[in-house]
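Shown below is the structure under consideration.
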Amino acid sequence: MKPLKYNARIRKINRVMAAFRYTEEGRSLLITGDTAKSANVQKFAGDVDLLVHEALATNLVEMAEKVAEKTGNSSDAKMMHDIRDYPASPLEAAETARDAGIEHLLYYHTVPPLGIPRTKNVIPERC
């Protein structure tokens with residue numbers, strides 16, 4: 001078995017965001033971590049083959065925050081409030097890919113998770 005050789009670069013976007021770029025044999029991918037839409041991410045993503053980006057559906061998180069508040073669950077309400085400002089939305093991740101000229105986008109760490117029964121009829125098909 002041939003050992004894996006790759007070139008990896010890590011960029012800290014700000015205090016909580018990071019992007020990891022891997023290149024091997026002329027192919028590359030960029031993986032973001034809790035990263036809001038950013039010109040730095042778009043610049044760093046230039047010419048990659050695949051952008052792997054988390055996505056947070058802000059509208060659904062806001063609804064969850066309201067439900068938590070109404071039911072007296074202050075810890076969940078605070079968490080839902082706190083997480084809204086750093087992950088990108090699915091649309092923002094797609095805009096980053098488009099603007100950087102990336103043809104392939106893979107969502108991971110989706111909030112709320114896709115494919116669970118509670119979100120089946122809530123998340124629009126276009127997301």
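Both backbone and side-chain heavy atoms feed into the values below; hydrogens, waters and symmetry mates do not.
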Handout entry: Contacts of type side chain to side chain donor-acceptor pair (under 3.5 Å), residue Thr96, not counting sequence neighbours
Key =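 So Thr96 forms no side chain to side chain donor-acceptor pair (under 3.5 Å) with any residue.
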
Problem - Student check: side-chain heavy atoms of Leu50 and Ile102 closer than 4.5 Å - result: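 Side-chain contact under 4.5 Å: no.
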
Exercise for the section: Sequence neighbours left out, what passes salt bridge (Lys or Arg N to Asp or Glu O under 4.0 Å) with Glu92? Give chain and number order. Expected result: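 If we apply the salt bridge (Lys or Arg N to Asp or Glu O under 4.0 Å) test to Glu92, skipping adjacent residues, there are no hits.
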
Exercise for the section: Can you sort out the partners of Arg98 under side chain to side chain donor-acceptor pair (under 3.5 Å), two or more places apart, ordered by chain and number? Expected result: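 Partners of Arg98 under the side chain to side chain donor-acceptor pair (under 3.5 Å) test: none.
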
Practice task
For the pair Thr35 (side chain) and Gly33 (backbone), establish whether a donor and an acceptor sit closer than 3.5 Å, ignoring hydrogens and angles.
Solution key: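 Confirmed, Thr35 side chain pairs with Gly33 backbone.
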
Problem - Spacing of Ile83 atom CD1 and Glu65 atom CD [to the nearest 0.5 Å] - result: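 Rounded to the nearest 0.5 Å, the CD1-CD separation comes to 9.5 Å.
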
Problem - side chain to side chain contact (heavy atoms under 4.5 Å, CB included) between Ile31 and Tyr108, intermediate numbers included - result: CA-CA 10 Å; Ile31 304 169; Tyr108 81 103; 4.1 Å; yes

Handout entry: Polar side-chain atom of Asp49 near backbone of Ser28 as donor-acceptor pair, under 3.5 Å
Key =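 Yes, Asp49 side chain to Ser28 backbone: donor-acceptor pair under 3.5 Å.
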
Practice task
Indicate if Val61 and Met79 have the same hydrophobic cluster label, given that clusters are the connected sets of ILVMFWY residues with side-chain heavy-atom separations under 4.5 angstrom.
Solution key: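 Linked, Val61 and Met79 end up in one cluster.
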
Exercise for the section: Please tell me if the side chains of Thr23 and Arg21 come closer than 4.5 Å, counting only heavy atoms from C-beta onward. Expected result: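 They are in side-chain contact.
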
Practice task
Check for a donor-acceptor pair, side chain of Thr71 on one end and backbone N or O of Ala68 on the other, with a separation under 3.5 Å.
Solution key: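 Yes, Thr71 side chain to Ala68 backbone: donor-acceptor pair under 3.5 Å.
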
Practice task
Would you please name every residue forming a side chain to side chain donor-acceptor pair (under 3.5 Å) with Asp76, sequence neighbours left out?
Solution key: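 Only Asn73 meet the side chain to side chain donor-acceptor pair (under 3.5 Å) criterion with Asp76.
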
Handout entry: pair Leu51-Thr32: side-chain heavy atoms closer than 4.5 Å
Key =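 Of all side-chain heavy-atom pairs linking Thr32 with Leu51, at least one is under 4.5 Å.
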
Handout entry: Residue pair Ala100 / Ala45: nearest heavy atoms and the distance that separates them
Key =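 Residues Ala100 and Ala45, closest heavy atoms: CB-CB, 4.1 Å.
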
Handout entry: Test item: Tyr107 side-chain N/O and Pro90 main-chain N/O as donor-acceptor pair under 3.5 Å
Key =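 Yes, Tyr107 side chain to Pro90 backbone: donor-acceptor pair under 3.5 Å.
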
Practice task
Output the distance between atom NZ (Lys37) and atom NE2 (His53), rounded to the nearest 0.5 Å.
Solution key: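 One gets 10.0 Å once the value is rounded to the nearest 0.5 Å.
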
Practice task
Following the transitive rule for hydrophobic clusters with a side-chain heavy-atom cut-off under 4.5 Å over Ile, Leu, Val, Met, Phe, Trp and Tyr, establish whether Met63 and Val67 coincide in one cluster.
Solution key: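 No, because Met63 and Val67 fall into different hydrophobic clusters, even though each may have its own neighbours under 4.5 Å.
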
Exercise for the section: Check the surroundings of atom CG in Asp82: do more than 12 heavy atoms from other residues, nucleotides or ligands lie under 6.0 Å from it? Expected result: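 For Asp82, atom CG is crowded (more than 12 foreign heavy atoms under 6.0 Å).
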
Practice task
Check whether any side-chain heavy atom of Phe44 lies under 4.5 Å from a side-chain heavy atom of Leu30, and answer yes or no.
Solution key: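 Side-chain contact under 4.5 Å: yes.
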
Problem - His109: partners by side-chain contact (heavy atoms from CB on, under 4.5 Å), with sequence neighbours left out - result: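 Applying side-chain contact (heavy atoms from CB on, under 4.5 Å) to His109 gives Asp34, Glu54, Val111.
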
Practice task
Say whether Leu91 and Leu105 are linked into one hydrophobic cluster, either directly or through other cluster members, by side-chain heavy-atom distances under 4.5 angstrom.
Solution key: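 Leu91 and Leu105: separate clusters.
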
Exercise for the section: Rounded to the nearest 0.5 Å, what's the gap from CE on Met80 to CG on Leu60? Could you check? Expected result: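 Output value for this atom pair is 10.5 Å.
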
Handout entry: Residues that Glu62 engages under side chain to side chain donor-acceptor pair (under 3.5 Å), provided they are two or more places apart
Key =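 Glu62: no side chain to side chain donor-acceptor pair (under 3.5 Å) contacts found.
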
